[in-house]
Amino acid sequence: MAEKEQASDNNTVTIIDNRNGTQVDFPILDSTLGPDVIDVQTLYRTLGYFTYDPGFTSTASCDSEITFIDGANGVLLHRGYSIEELTENSNFLEVAYLLINGELPTAEEWETFRKDIALHTMVDEQLIRFYNGFRRDAHPMAIMVGVVGALSAFYHDSLDINDAEQRRVASMRLIAKMPTIAAMAYKYTKGQPFVYPTNSLSYTENFLKMMFAVPADEYVPNPVLSQALEKIFILHADHEQNASTSTVRLAGSSQANPFACIAAGIASLWGPAHGGANEAVLKMLHEIGDKSNIQKYIARAKDKSDPFRLMGFGHRVYKNYDPRAKVLKASAHAVLNELGCANEPLFELALELERIALEDEYFIEKKLFPNVDFYSGIILRAMGFPTSMFTVLFALARTAGWVAQWNEMIADPIHKIGRPRQRYTGSSPRNYIPMDKR
Ligand code: SDX
């Protein structure tokens, strides 16, 4: 990726309003990498227009130093480090530190961070009563939205967003408690007792134990599974201003407390077009069932009159292979081999579906490649996670990114409440009509 050349002197874009000849220059602001931006903050005041960009396909909502995506070349950097190097050499908690603090920790900083997280892995015992209010067949994401939002009712000493120390404690609490809350959501639906955290274990080993340990047996984490989970969590940690991160930022811009903001992010991530896609991919593969049905579903995905889309394919930014999908595809082979299900039929079906789709003119022309969700579900299913927990794991990992982005927004001196405008296409002013005259 070439370093950006210095912009020319006339670093502006001129808009000429051909309706009345008005001409205004707007400054171009340089980015370190990727597209520069046109600063249109004075557009409405100078030209009387709003910009119009449904879905924000060409809109930068903020400045950020955390993550960079080059969609055309399939590049993903966190604070300048490539996702490939981080999944190869780092672990999820260290990546969380990097996202929040901007630098990889020294040995001393790592020890302090790890102990800070360990301090907060348990939840208030009264929270258990929240779980008892849910039906046993509640979707775990419904429980996550409710319980994480409810943390605001317990941790009054870390709600003041203007106090840097309270922001730090809230950040630690969220990253530390998500695995505990997630595992409790799973245990509750299984009718099994909750398992308390074990701080002597790593972040992923502790999560696996809280998920799968039962009082009747000794639990020893499988290193292959905990390593695979480290990669999966790293791959899901942050991803620029995606829908759920933008939700967290918008909620945070009103100065809502951090627990409420993260609960809003969880709600947004749940959608099948976003984080819910990993669950939807498994449902789709089960529905396709056999390689002989693939062409029928590809045809449905291309049929504009059919709402069916190939779940796990396509991305707003990646118009090349999602680099996270590449890592997960390789990881899937390793995990399935380790678990003795190398010939897992759903994995074989997924590989064949990918092969056929990537040769299809429609998918090539629309640049629809497998995304992070295409392979993650197959690995998670092989590891023993039920489909309903896939998006919960996505939310658990993305909490690191949400917390980093939330802190960056609060610390940004120019941050203000987010309040988009609209293009009004409704009725012009009209008078009230009495009922008997309608
Ligand atoms: C995530 O933003 C992020 O970074 C998200 C994420 C993260 O880490 O936070 O990466 C996580 O959400 C990954 C995406 C998971 N979602 C899915 O796999 C669901 C299936 N994908 C589609 O819903 C879709 O591709 C989106 C939502 C992911 C992206 O949609 P866009 O960018 O708004 O693109 P679009 O819907 O305008 O589609 C462009 C064209 C359309 O055809 P035309 O109207 O131009 O004729 O491509 C078609 C779409 O119909 N298309 C698909 C398709 N995805 C897009 N056709 C069939 N199958 C698909 N999967």
Side-chain angles (χ1 to χ4, degrees), residues 34 53-61 64 66-72 74-78 83 95 99 232-249 265-285 288 294-328 350 353-354 356-358 360-378 390-391 393-402 404-405:
D53 185 16
F56 311 118
T57 51
S58 305
T59 296
S61 62
S64 183
I66 298 172
T67 293
F68 173 71
I69 300 171
D70 175 347
V75 171
L76 168 55
L77 306 177
H78 290 315
I83 193 65
V95 170
L99 291 172
I232 288 171
F233 283 174
I234 290 171
L235 291 167
H236 287 79
D238 192 53
H239 214 239
E240 281 192 8
Q241 305 312 315
N242 57 82
S244 53
T245 298
S246 298
T247 301
V248 170
R249 278 180 171 261
I266 295 171
S268 171
L269 187 75
W270 194 1
H274 188 15
N278 51 17
E279 180 175 354
V281 167
L282 256 290
K283 284 193 182 125
M284 176 188 73
L285 290 173
I288 294 173
I294 288 177
Q295 285 299 354
K296 182 176 76 172
Y297 280 85
I298 293 236
R300 284 190 57 194
K302 296 174 356 185
D303 177 357
K304 288 294 159 219
S305 63
D306 188 331
F308 175 80
R309 285 197 166 175
L310 219 48
M311 302 315 279
F313 276 79
H315 198 276
R316 169 62 58 77
V317 178
Y318 289 124
K319 300 308 172 190
N320 196 318
Y321 210 103
D322 182 337
R324 302 168 296 177
K326 270 190 192 145
V327 176
L328 281 171
L353 175 59
E354 177 192 19
I356 294 174
L358 294 184
D360 183 285
E361 254 324 293
Y362 175 90
F363 286 83
I364 294 169
E365 185 246 323
K366 295 197 184 293
K367 300 185 187 316
L368 302 176
F369 291 87
N371 58 48
V372 67
D373 294 296
F374 188 63
Y375 285 108
S376 60
I378 292 160
F390 292 178
T391 310
L393 269 67
F394 195 152
L396 188 166
R398 187 53 57 90
T399 296
W402 289 334
Q405 298 270 352

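Below, all heavy atoms of this structure are taken into account, side chains as well, without hydrogens, waters or symmetry copies. Keep in mind that this is a model prediction, so the values were computed, not measured. Atoms within each ligand, like the ligands themselves, are counted from 1 in listed order.
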Under 3.5 Å between some N or O of ligand 1 and some N or O of L310?
-> yes
For atom 39 (C) of ligand 1, decide whether some protein heavy-atom distance is shorter than 4.0 Å.
-> no
Among non-hydrogen protein atoms, atom 14 (C) of ligand 1 lies closest to N371 ND2, 3.6 Å
Quick check, are the ring centers of Y318 and H239 under 6.0 angstrom apart?
-> yes
Considering K302, K304, E240, R300, which one's heavy-atom position lies nearest to atom 46 (O) of ligand 1?
-> K304
In sequence, state the C-alpha distance, the side-chain angles, and the governing distance for F390 and S376, and then conclude on side chain to side chain contact (heavy atoms under 4.5 Å, CB included).
-> CA-CA 8 Å; F390 292 178; S376 60; over 6 Å; no
Protein heavy atom at shortest distance from atom 2 (O) of ligand 1 = N242 CB, 3.3 Å
Taking all heavy atoms of G265 and all of T247, pick out the closest pair and write down the distance.
-> N-CG2, 4.2 Å
Worked check of side chain to side chain contact (heavy atoms under 4.5 Å, CB included) between F363 and L358 = CA-CA 6 Å; F363 286 83; L358 294 184; 5.7 Å; no
Of the options E240, R398, R249, which is the one that meets Q405 in a side-chain hydrogen bond (donor to acceptor under 3.5 Å, both in side chains)?
-> R249
For D373, the ligand 1 atoms whose distance to one of its heavy atoms is below 4.0 Å = 1 (C), 13 (C), 14 (C), 15 (C)
So the atoms of ligand 1 within less than 4.0 Å of a heavy atom of G312 turn out to be 17 (C), 18 (O)
Taking atom 4 (O) of ligand 1 as the point of reference, which of M311, R324, H236, H239 owns the nearest heavy atom?
-> H239
Looking only at non-hydrogen atoms, the one of G314, A357, P370 nearest atom 25 (O) of ligand 1 is G314
Could you tell me whether a side-chain N or O of R316 sits under 3.5 Å from a main-chain N or O of G55, the two making a donor and an acceptor?
-> yes
In the protein, which heavy atom is nearest to atom 27 (C) of ligand 1, and how far is it?
-> A273 O, 3.9 Å
Does any N or O atom in F313 lie less than 3.5 angstrom from one in ligand 1, N or O only?
-> yes
Looking only at protein heavy atoms, which one is nearest to atom 48 (C) of ligand 1, and how far off is it?
-> Y362 OH, 3.6 Å
Just do the side chain to side chain contact (heavy atoms under 4.5 Å, CB included) check on L353 and L310 with the steps written out, would you?
-> CA-CA 10 Å; L353 175 59; L310 219 48; 4.2 Å; yes
Judged by atom type as modelled, is there a donor-acceptor pair below 3.5 Å linking the side chain of D322 to the main-chain atoms of V372?
-> yes
Apply the side chain to side chain contact (heavy atoms under 4.5 Å, CB included) test between N278 and each candidate in N371, T391, I378; give the one that qualifies.
-> T391
Name the closest protein heavy atom to atom 31 (P) of ligand 1, giving the residue it belongs to and the distance to 0.1 Å.
-> R316 NE, 3.7 Å
When only distance counts, is H274 in polar contact with ligand 1, meaning an N/O pair under 3.5 Å?
-> yes
For atom 47 (O) of ligand 1, what's the nearest protein heavy atom and its distance?
-> K366 CD, 3.5 Å
Measure the distance from atom 17 (C) of ligand 1 to every protein heavy atom, then report the residue, atom name and distance (to 0.1 Å) of the closest one.
-> A277 CB, 3.6 Å
Would R324 and Y375 count as a side chain to side chain contact (heavy atoms under 4.5 Å, CB included) if you check the C-alpha gap in whole Å, the side-chain angles of each, and the deciding distance to 0.1 Å?
-> CA-CA 9 Å; R324 302 168 296 177; Y375 285 108; over 6 Å; no
Does the gap between the ring centers of F308 and Y297 come in under 6.0 Å?
-> yes
heavy-atom search around atom 52 (C) of ligand 1 in the protein gives L368 CD1, 3.5 Å
